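Read the structure below first, then the notes.
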Amino acid sequence: MSINLLDFNAKALAGFCAGIGEKPFRAKQLLRWIHRSGEADFASMSDLAKGLREKLSAGAMIEPPRLVSDHTATDGTRKWLLSVGSGNGIETVFIPETSRGTLCISSQVGCALACTFCSTGRQGFNRNLTVAEIIGQLWWANKALAEEFGGALRSRAVTNVVMMGMGEPLANFENVVTALDLMLDDNAYGLSRRRVTVSTSGLVPAMDRLRERCPVALAVSLHAPNDALRDQLVPINRKYPIGELLAACQRYLQSAPRDFITFEYVMLDGINDTVAHARELVQLVQHTPCKFNLIPFNPFHNSGYRRSSSETVHRFRDVLVQAGLITTVRKTRGDDIDAACGQLAGKVHDKTRRTSRGILEAAR
Ligand code: SAH
Ligand code: SF4
């Protein structure tokens, strides 16, 4: 069976090269070809000896997920649907802004954590993505954006990566961390730890492991100011309640590239969005250096929730701001192509009552 070199970080690629009797610098060359130049064909890797190219072609491959569709929203947000086999699809979203371009990457097909307001959670869990499927999203985006902007791959449009697509990244720990290695590697994507963010619903032991292994910026999906409410919205809270979660945030901050944790808070009409909730939140996080990102709920079919009105969101924000907490309200982007938070792979599934298989069928 052919080995997919997109599954390897620098260390694994060096091991692979040693295994076929090649010097370590070959691994560096390969890494650059694959990730910096976006090259998938060994024959085009001009500075590799012909014998090596032939050896690689015989026993290895560079296989990203297959591109199924590519949509651009009226606000410039771009969404790619990639096939990961067996009828499964994943979505990757690029959000261009004036001074940066953020790519939102998926880590799993579906998600087992079943947050009640999340359409990925409603699908249930299908499987973890491989390293090639995770890093392949960045690989594709860089290629496609270089074409769009006519620039060399080196002057990248993707300046930031957020692991906020489908799935819980820390539930696919090893593959996500190996993909993070590549994002940070100067011979691959060369992003700084501050520009790569993992978002978690609060898997406490894995937060500690991430801190030791690869402390990138951290976002935590809080969504409620107390355990009773969070137990309902984010069921993993029953296992790792808020007290433990905040303690893990404190530990994380000792190694984090930024001196705050970002708390994400989805605004659900009449559920978690009152001034009383905001005040309770202020109390809750008083000893945790943090910023808040309020996310207006993105509705999907049969969700059972409504988005808070903008007045309610602003009132809520004002309470946090008056308490000295830096708070942003996430602008909803890519609405017209269903690319907003929590909408990925949403609609089709709800119509078909199947997993993300439906997306691919709909895309054909
Ligand atoms: N599993 C991780 C990362 C993926 S979700 C996590 O939960 O943090 C990325 C963010 O989108 C999370 O904060 C999540 O709670 C939020 N989200 C999920 N569904 C949403 C929806 N329908 N509307 C708005 N935000 C949503
Ligand atoms: Fe999974 Fe995150 Fe959705 Fe919760 S919000 S179900 S953890 S993807």
Side-chain angles (χ1 to χ4, degrees), residues 90-93 95 102-129 134 137 161-173 176 196-204 206-207 210 216-224 229-240 245 248-249 252 261-269 271-273 290-308 313 328-335 338-347 349-350 355-356:
I90 48 167
E91 289 169 315
T92 305
V93 177
I95 305 142
T102 304
L103 191 71
C104 180
I105 288 189
S106 298
S107 56
Q108 300 181 311
V109 182
C111 181
L113 299 184
C115 301
T116 51
F117 52 84
C118 172
S119 89
T120 307
R122 292 277 179 98
Q123 290 177 29
F125 177 66
N126 191 319
R127 71 170 173 85
N128 280 331
L129 295 182
I134 298 168
Q137 298 169 60
V161 169
V162 293
M163 301 284 315
M164 293 185 186
M166 297 163 63
E168 166 54 49
L170 295 186
N172 183 12
F173 190 85
V176 164
V196 176
T197 301
V198 164
S199 173
T200 181
S201 56
L203 297 185
V204 166
M207 287 165 66
L210 185 70
V216 293
L218 188 69
V220 171
S221 295
L222 195 53
H223 305 319
L229 184 52
R230 196 164 190 271
D231 280 352
Q232 300 303 314
L233 300 176
V234 184
I236 194 67
N237 193 66
R238 296 172 205 159
K239 195 161 175 196
Y240 304 116
L245 179 58
C249 289
Y252 197 89
I261 300 286
T262 301
F263 286 127
E264 294 161 279
Y265 196 100
V266 64
M267 297 295 291
L268 302 165
D269 182 36
I271 306 283
N272 64 352
D273 64 349
C290 62
K291 289 186 182 175
F292 271 86
N293 198 325
L294 305 180
I295 316 174
F297 171 65
N298 289 308
F300 53 91
H301 187 60
N302 274 342
S303 74
Y305 292 109
R306 287 183 313 266
R307 178 184 290 187
S308 308
V313 174
T328 51
V329 177
R330 190 174 293 172
K331 236 171 55 191
T332 296
R333 302 279 307 245
D335 252 354
D338 284 343
C341 307
Q343 276 187 328
L344 300 182
K347 282 196 172 160
H349 167 67
D350 284 329
T355 57
S356 43

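Since we're looking at a predicted model, the values are computed, not measured. Just follow the structure's listing: the first ligand is 1, and inside any ligand the first atom is 1.
- Residue Glu168 touches ligand 1 through backbone and side chain together, judged by heavy-atom distances below 4.0 Å.
- Proximity of Val266 to ligand 1, defined as any heavy-atom pair under 4.0 Å, is confined to the side chain (atoms from C-beta onward).
- Here's the thing with Pro296: none of its N/O atoms is less than 3.5 angstrom from an N/O atom of ligand 1.
- Side-chain contact check for Leu218 versus Thr200: some heavy-atom pair is nearer than 4.5 Å.
- Going from atom CE of Met166 over to atom SG of Cys104 covers 11.0 Å, rounded to the nearest 0.5 Å.
- Here CD1 of Ile134 is found 8.5 Å from CD1 of Ile105. Values are rounded to the nearest 0.5 Å.
- Without hydrogens or angle criteria, Arg230 side chain to Leu222 main chain gives a donor-acceptor distance under 3.5 Å.
- In this view, Ser107 and Met163, Pro169, Val176 satisfy the side-chain contact (heavy atoms from CB on, under 4.5 Å) rule, not counting sequence neighbours.
- Close approach of ligand 1 to Thr200 (heavy-atom distance below 4.0 Å) involves ligand atoms 6 (C), 8 (O).
- Of all the atoms in ligand 1, the ones that sit under 4.0 Å from a non-hydrogen atom of His223 are 13 (O), 14 (C), 15 (O).
- Here Arg238 pairs with nothing under the salt bridge (charged side-chain N to carboxylate O under 4.0 Å, His left out) rule; sequence neighbours left out.
- Residue contacts with ligand 1 do not include Met166, since none of its heavy atoms lies under 4.0 Å from the ligand.
- Numbered from 1 in the order shown, with element, the atoms of ligand 1 that lie under 4.0 Å from a heavy atom of Cys118 read 18 (C), 19 (N).
- For the ring-ring contact (aromatic ring centres under 6.0 Å, His included) with His223, the lone residue among Phe292, Phe297, Phe117, Phe263 that qualifies is Phe117.
- Near Gly167, meaning under 4.0 Å from any of its heavy atoms, are these atoms of ligand 1: 1 (N), 2 (C), 3 (C), 4 (C).
- At a distance under 4.0 Å, a protein heavy atom can be found next to atom 3 (Fe) of ligand 2.
- The shortest distance between side-chain heavy atoms of Leu245 and Met207 falls below 4.5 Å.
- Looking at Asn298 and Tyr305, their side chains never come closer than 4.5 Å, going by heavy atoms from C-beta outward.
- Residue Ser199 has at least one N or O atom closer than 3.5 Å to an N or O atom of ligand 1.
- Listed by atom number, the atoms of ligand 1 under 4.0 Å from Ser221 heavy atoms are 6 (C), 7 (O), 8 (O), 12 (C), 13 (O), 15 (O).
- With sequence neighbours excluded, no residue forms a salt bridge (charged side-chain N to carboxylate O under 4.0 Å, His left out) with Asp231.
- Each protein N/O/S atom under 2.8 Å from atom 3 (Fe) of ligand 2 was counted, for a total of 1.
- Tyr265 places a side-chain N or O within 3.5 Å of a backbone atom of Asn272 that can act as its donor or acceptor partner.
- For ligand 1 and Ile295, the ligand atoms under 4.0 Å from any heavy atom of the residue are 13 (O), 24 (C), 25 (N).
- Atom CD of Gln108 is separated from atom CG of Leu129 by 7.5 Å, given to the nearest 0.5 angstrom.
- Not one N or O of Met163 is nearer than 3.5 Å to an N or O of ligand 1, by distance alone.
- Not a single donor-acceptor pair under 3.5 Å links the side chain of Ser106 to the backbone N or O of Gly165.
- Between Ser119 and ligand 1, no N or O atom pair is found at a separation short of 3.5 Å.
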